[in-house]
Amino acid sequence: MNRHPPAPRIAPWILPVWVLGLALALGILLTRGQVEADLARFMPDVAAESGLDLPAGAGPAGRLLLLGISGGDDATRARASDALAERLQDLPAVAAVHNGRPRLDEASLDTLLNYRYLLSPAMEPGRFSGTALAEHLAARRDDLAASVPALPRHLVPRDPTAESLALLDQLAAPRDAPRRDAHGVWVSGDGEQALLSLLSRAEGLDLDVQEALLADIRAGFQDIAPDLVLEISGPALVAVQARSTIRNEVMLFSTLASLALAALLWWLFRSLRPVWLAALPLGAGLLAGAALVTLVFGQIHGITLAFGITVLGVALDYPLHLFAHARRPASPPSGAADSLWPALALGAISTALVYALMALTSFTGMAQLGLFVLTGILVAALTTRFILPGLLGRTGLPEARLPAPAWLLDPPRAGRWLLGALVLGALVVLASTQPFPWEDDLAALNPVSEEQRRLDRHLRGELKLADVRHVLVLRADSAEQALARTEALTPALEDLRASGGVAGFDTAARILPSRATQEARRQSLPDADTLAPELRAAARDQGFREGAFQPFLDDLETARSQPPLTPQTLPPALAEALTPLLMPQGETWLSLISLSGVRDPATLDGWVAQQDLSTLTHVDFKALSEALVTGFRDEALTRLGWGVLAVAVVLLVFTRSPGRSLRILAAVGAGLVLATAALVLLQVRLTLFHLVGLLLIIGLCLDYAVFFSRPLASVEDRRHNLGSVTACALSTALVFGLLALSALPVLRALGLTVLLGVIFSFLAAALLAQDMAQDMTQGSPHSSPSQTSP
Amino acid sequence: MRRPELWALLLCLCLPSIGQAGQGSDGSEAPGLSAVLGSMARDTPGRLAFTETRDDPMLEERQQLTGHLEFHPPDTLIRTVDRPRGETVRIQGNRLTVERGGQVRRELSLDEQPALAGFAAAFRGLMGNDPATLQAHYEIELHGDPSDWQLRLTPRDRTLARFLLGMEIHGGGGQLCEILTREAGGHESHMRLEPVEGP
């Protein structure tokens, strides 16, 4: 190892450049650094990917919160429900809150009554003809005596044609109501929980506002009913929770990993010096990675930062190798760095290569991770090579207590056979698992607990809220045009429902007819002079008193001069129902048609095509999201393939030994296959982030295999080599073992995958690479590739 | 508001015989209410003939209806109108059905309709000797004693109060005698009740 010429001294300009670079990175972070904890900014946004430019997170239900009150008896819960609803209604952040009491406030009800002749779907020509009128009056006559009148008696003088009923029917149409108990509030099916739904004014992804609102709700409830339990669910809550989980996890795991690594280093060397020395390349790597990501993406995501732990774990190998080999005065640190450098550079470059491929993906989160790790690893490796030796001084470090299992020095031949058998078994497992357990649901990456998810499903079900999966989007130049187009489409939608293509649909036109329709209805209203004689005759026939229907004639006269209602003049209760269905989008307006019970998306697409409307689009949020996931996965798999190929090339170039390259690759392959099969056997559904973990395993296993395969002649050297690799594997296993405990599925996926990968890679590298390297060294002890020094 | 809710409201207005309920907003029971309800408590079917007179400002003439009310413990109430035209309203458990000419015209679930459910709970409160339920739905004013009493009920629910101004119920000696119902718009109903022996 010491045969090549003394290493060139480290150029004097390197240290200043290094310091300057770090200062620059620090400056970038201090001035522009922004840690993003909103999961939505890490995940691809399905709504944005729809190509419709919908508002982010605009799954139309983004602003909805679901509340459940349990504990106490039903009367207590009902009182709490009423008190909470009343209190929340007054909050400026709340657009509407419902607990099962009549949905229309009196003002809205009055407006509806006043505008019934413009709004009622039953308003058609001939509505007030002689025969029709006679039938209506007969029905009203019944109402006056009936036990269960069709029209409330107090409305009979104003509304003999029961227009208000037709209107209310229309407004109530599309939704199943949740169950109400004897107290008149919504309750769960078993009656044990009072239910409320709340629509916030702010967008669901305006997390600061949502977080404040949630705190207000909880505080208010605490005042009202400290003895009862309030459960909340909904997209905004999930997002807020995810954000706080991410923040906490990032803090927690960064700290834990740092402490654990420091403890490990101290234990290995019984000295604090290696701890802060090792912190240098790691810190420099983190700093540089974070700065570059901030520079490129404008912010750095909390998950990316948490992933920095990865860098900690992997890049710690570099100083560890150096420390282990620089222990003796005989091998001064700079010399050790020189002799280690080829293997170290090979590992670092191969790993960086794999992450460079990842950095190029279109999945923001993955791209950030890739860039972060790639930068961190390269900077850490360079720091180890050029900065650390100078700091180690001439004396090096005390003897490390490297845990090196002796049998691995000369692994039994049977070990390889066993490994071969294991790999074969793993391949059988992988091949026989059909279908392969991919996780296609983006939501699975969400750090929300299964418990919270169950609560969400439960409340959603009890409140009879449909899953918003299929939406038709109709684009128009104005709100009026959007409403008119939606009205024009309604007959075709009715046909679609009649043919079973959908179970139901809901449109903005149900709530507000277009101005044109309202004007047409107004035109069709008869004037008092025409109507009065017929009305008088019909009323007399039914025994009504003279003038009993004067309020009706007055209302008609008012209606004949009413201006049509618009989205702006709609009473609050209706405006609130209209908002999610009709929204401005830049210069245009979108009318959303929500669909339920879509039997076959393809049929629906066919129907959309038949309409021959270039402004009409079908959005299937679930399919969209799954396509996204599948797309990214295919991308990641392709990259995995390219990564292996690129690594093979790099190996060949650096080692100039096809045999050694092949052995290293065999170890890497064995590590990958075993780790994947173990995941499958553990019943894990594989997500994108497991793939990221597999990418990382390539890098780790490469590192081990490269070091194990170093052609070392002396047993002493080999023992130290084994020791340093073992220490590396130990540190990585420690960090990722910690990560596997995280509450964040993303981090957990990584942790578990890499933990398994470290174990299998280490064994595979030890058994395959080293054993054969030994054979090789016997033949040509000095065919070391160590002359390569980039 | 949904249409069934309107029906519910109507029902409260139109089945005065059932609307009993009520009680102090502060949760305290009107004095003597338990005694009055206790005096009427029964665990066997009861049957009352009624004559209802409706005064309606919209109509030329006063209307008169006759029929009978039946209560089957624990929770079934049937109101049958014989004249001027046959109609049966039956509330059983959470179901309300309206029959005319032997045909079911309407079928509603009380669960979906707060006012109707409130009304049903109230009727069960009265017939089933449950003052707490009554008081949950109505302000109650009680005069007299179990031998001769008068109960004034005012709905607590504001929406219901828009339609139903109030009810007065007279009774004594374990029987309901009279129910006076005042609705918004001047609609008034006056029901006289008499026990009927046998089915």
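None of the values given here were measured: they were computed from a predicted structure. Within every chain, numbering begins at 1; the chains are lettered A, B, ... in the order of the sequence lines, protein sequences first and strands thereafter.
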Most heavy-atom pairs under 4.5 angstrom with chain B, which of A:Gln542, A:Arg540, A:Glu546, A:Arg545?
A:Arg545
Tell me, for B:Leu59 versus chain A, whether the close heavy atoms (under 4.5 Å) come from the side chain, the backbone, both or neither.
both
Here the pair of heavy atoms bringing A:Arg153 nearest to B:Arg54 is NH2-NH2, 3.2 Å
Using non-hydrogen atoms and a 4.5 Å limit, figure out which bit of B:Gln63 sits close to chain A: side chain, backbone, both or neither.
side chain
Can you establish whether the number of heavy atoms outside B:Glu194 located under 6.0 Å from its atom CD is more than 12?
no
The test is side-chain contact (heavy atoms from CB on, under 4.5 Å); show your working for B:Arg100 and A:Asp142 and say whether it passes.
CA-CA 12 Å; B:Arg100 220 176 269 166; A:Asp142 275 356; 4.0 Å; yes
Supply the atom-to-atom distance B:Met58 CE to A:Asp143 CG, rounded to the nearest 0.5 angstrom.
10.5 Å
Would you indicate whether A:Glu86, at its atom CD, is surrounded by more than 12 heavy atoms from other residues, nucleotides or ligands within a distance under 6.0 Å?
no
